[in-house]
Amino acid sequence: MSAALRNPECKIQKLWLSRVGLTDSGAEDLASALSTNTSLTLLDLNYNKLGDSGVKLVSAALRNPECKIQALGLEDVRLTDSGAEDLLSALSTKPSLMGLDLDSNSLTDRSVPALRRLILTLPSLEWIRLRGNRFSQTGGKELRSLQEPRPGLTVYL
């Protein structure tokens, strides 16, 4: 699959790799392929065991200026605040991003400032899913309040 994604003739726009047993070691090859693919607009990596190291590899690929990702699924991939910081920084350079699923990870209030920056930086963002994380009541309230200055944005908590 990675070889196919690297092919300049590859025009895949949507790739669902949910629940395929992908780990951080497999993410290295995927990230290498993603760094050269410019047609992908949806990437679903939900329910894999990427961890912070696997997500960081994917984040590096997303930094490619030619990357046109519009929706990214990272539900239940064992992401913590440490890996989220790098991911959110990479995604803040993606004006095409419309949706981000980070449900059921281990994010805490430490990620709130980076999430806030992402939400306020990307006017294209229409939805972000954050349910099942470890935000305090205060952190959740701060994230929900970001919908006010951004009509059309839905924050699922």
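Every value quoted in this text rests on a predicted model; they were computed, and no experiment measured them. All values below come from the heavy atoms of this structure, side chains included, with hydrogens, waters and symmetry mates left out. Along the sequence shown, residues carry numbers from 1.
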The complete set of salt bridge (Lys or Arg N to Asp or Glu O under 4.0 Å) pairs with one or both residues in residues 3-18, sequence neighbours excluded, reads Arg6-Asp29
Per the salt bridge (Lys or Arg N to Asp or Glu O under 4.0 Å) rule, what does the pair list look like for residues 127-145, sequence neighbours excluded?
Asp103-Arg131
Point-to-point distance, once rounded to the nearest 0.5 Å, from CG of Leu125 to CE of Met98
9.5 Å
Decide yes or no for Leu72 and Asp101: does some side-chain heavy atom of the first lie under 4.5 Å from some side-chain heavy atom of the second?
no
Minimum-distance pair of heavy atoms, taken over all atoms of Glu148 and Pro151
O-CD, 4.1 Å
For Thr93, give me all partners under side-chain hydrogen bond (donor to acceptor under 3.5 Å, both in side chains), at least two apart in sequence or on another chain.
none
Residues two or more places apart in sequence or in another chain: which of them pass side-chain hydrogen bond (donor to acceptor under 3.5 Å, both in side chains) with Ser106?
none
Within the 4.5 Å heavy-atom criterion, are Thr108 and Phe135 side-chain neighbours or not?
no
Do the side-chain N and O atoms of Ser35 and Asn64 include a donor-acceptor pair separated by under 3.5 angstrom?
no
Report, as yes or no, whether the 6.0 Å neighbourhood of atom CD on Glu28 holds more than 12 heavy atoms from other residues, nucleotides or ligands.
no
Would you mind listing the cluster partners of Leu42? Hydrophobic ones only (ILVMFWY), side-chain contacts under 4.5 Å, chaining allowed.
Trp16
Using modelled atom types only, decide if a donor and an acceptor are shared between the side chain of Asn105 and the backbone of Asn133 within a distance under 3.5 Å.
no
Start with the C-alpha distance between Leu79 and Leu107, add both sets of side-chain angles, then the distance that settles side-chain contact (heavy atoms from CB on, under 4.5 Å), and finish with yes or no.
CA-CA 7 Å; Leu79 181 65; Leu107 305 181; 4.2 Å; yes
For residues 43-52, dump all side-chain donor-acceptor pairs below 3.5 Å to protein atoms at least two apart in sequence or in another chain.
{"residue": "Asp44", "atom": "OD1", "partner": "Asn46", "partner atom": "N", "Å": "2.9"}
{"residue": "Asp44", "atom": "OD1", "partner": "Asn46", "partner atom": "ND2", "Å": "3.1"}
{"residue": "Asn46", "atom": "OD1", "partner": "Leu74", "partner atom": "N", "Å": "3.0"}
{"residue": "Asn46", "atom": "OD1", "partner": "Glu75", "partner atom": "N", "Å": "2.6"}
{"residue": "Tyr47", "atom": "OH", "partner": "Glu75", "partner atom": "OE1", "Å": "3.4"}
{"residue": "Tyr47", "atom": "OH", "partner": "Glu75", "partner atom": "OE2", "Å": "2.7"}
{"residue": "Asn48", "atom": "OD1", "partner": "Val20", "partner atom": "N", "Å": "3.1"}
{"residue": "Asn48", "atom": "OD1", "partner": "Gly21", "partner atom": "N", "Å": "3.0"}
{"residue": "Asn48", "atom": "OD1", "partner": "Leu22", "partner atom": "N", "Å": "2.8"}
{"residue": "Asn48", "atom": "ND2", "partner": "Leu17", "partner atom": "O", "Å": "2.7"}
{"residue": "Asn48", "atom": "ND2", "partner": "Leu45", "partner atom": "O", "Å": "3.0"}
{"residue": "Asn48", "atom": "ND2", "partner": "Asn46", "partner atom": "O", "Å": "3.3"}
{"residue": "Asp52", "atom": "OD1", "partner": "Thr80", "partner atom": "N", "Å": "2.8"}
{"residue": "Asp52", "atom": "OD1", "partner": "Thr80", "partner atom": "OG1", "Å": "3.1"}
{"residue": "Asp52", "atom": "OD1", "partner": "Gly83", "partner atom": "N", "Å": "3.4"}
{"residue": "Asp52", "atom": "OD2", "partner": "Thr80", "partner atom": "OG1", "Å": "2.3"}

I want to check something: taking the side chain as every heavy atom from C-beta on, are Asn37 and Leu40 in contact at a cut-off of under 4.5 Å?
yes
Side-chain donor/acceptor pairs under 3.5 Å, residues 112-124, sequence neighbours excluded:
{"residue": "Thr121", "atom": "OG1", "partner": "Arg117", "partner atom": "O", "Å": "2.4"}
{"residue": "Ser124", "atom": "OG", "partner": "Pro95", "partner atom": "O", "Å": "2.7"}
{"residue": "Ser124", "atom": "OG", "partner": "Leu97", "partner atom": "O", "Å": "2.6"}

Atom pair CG/OG of Leu30 and Ser2 - distance to nearest 0.5 Å:
5.5 Å
My understanding is that only residues two or more places apart in sequence, or in another chain, count here; which of them pass side-chain hydrogen bond (donor to acceptor under 3.5 Å, both in side chains) with Ser104?
none
Hydrophobic cluster mates of Trp127, side-chain heavy atoms under 4.5 angstrom, ILVMFWY only, any path?
Tyr156
In this structure, OG of Ser89 is separated from CG of Leu62 (nearest 0.5 Å) by 11.0 Å
Atom CG of Leu102 and atom CG of Leu130: how far apart are they, to the nearest 0.5 Å?
6.0 Å
Is there a donor-acceptor contact under 3.5 Å from the side chain of Ser53 to the main chain of Asp24?
no
side-chain hydrogen bond (donor to acceptor under 3.5 Å, both in side chains) filter on Glu85, not counting sequence neighbours, yields none
Assess whether side-chain contact (heavy atoms from CB on, under 4.5 Å) is satisfied between Leu143 and Leu146, documenting all intermediate values.
CA-CA 5 Å; Leu143 289 167; Leu146 294 171; 4.2 Å; yes
Would you check if Cys67 and Thr38 make a side-chain contact, meaning some heavy-atom pair closer than 4.5 Å?
no
Contacts of type side chain to side chain contact (heavy atoms under 4.5 Å, CB included), residue Ala31, not counting sequence neighbours
Leu57, Ala61
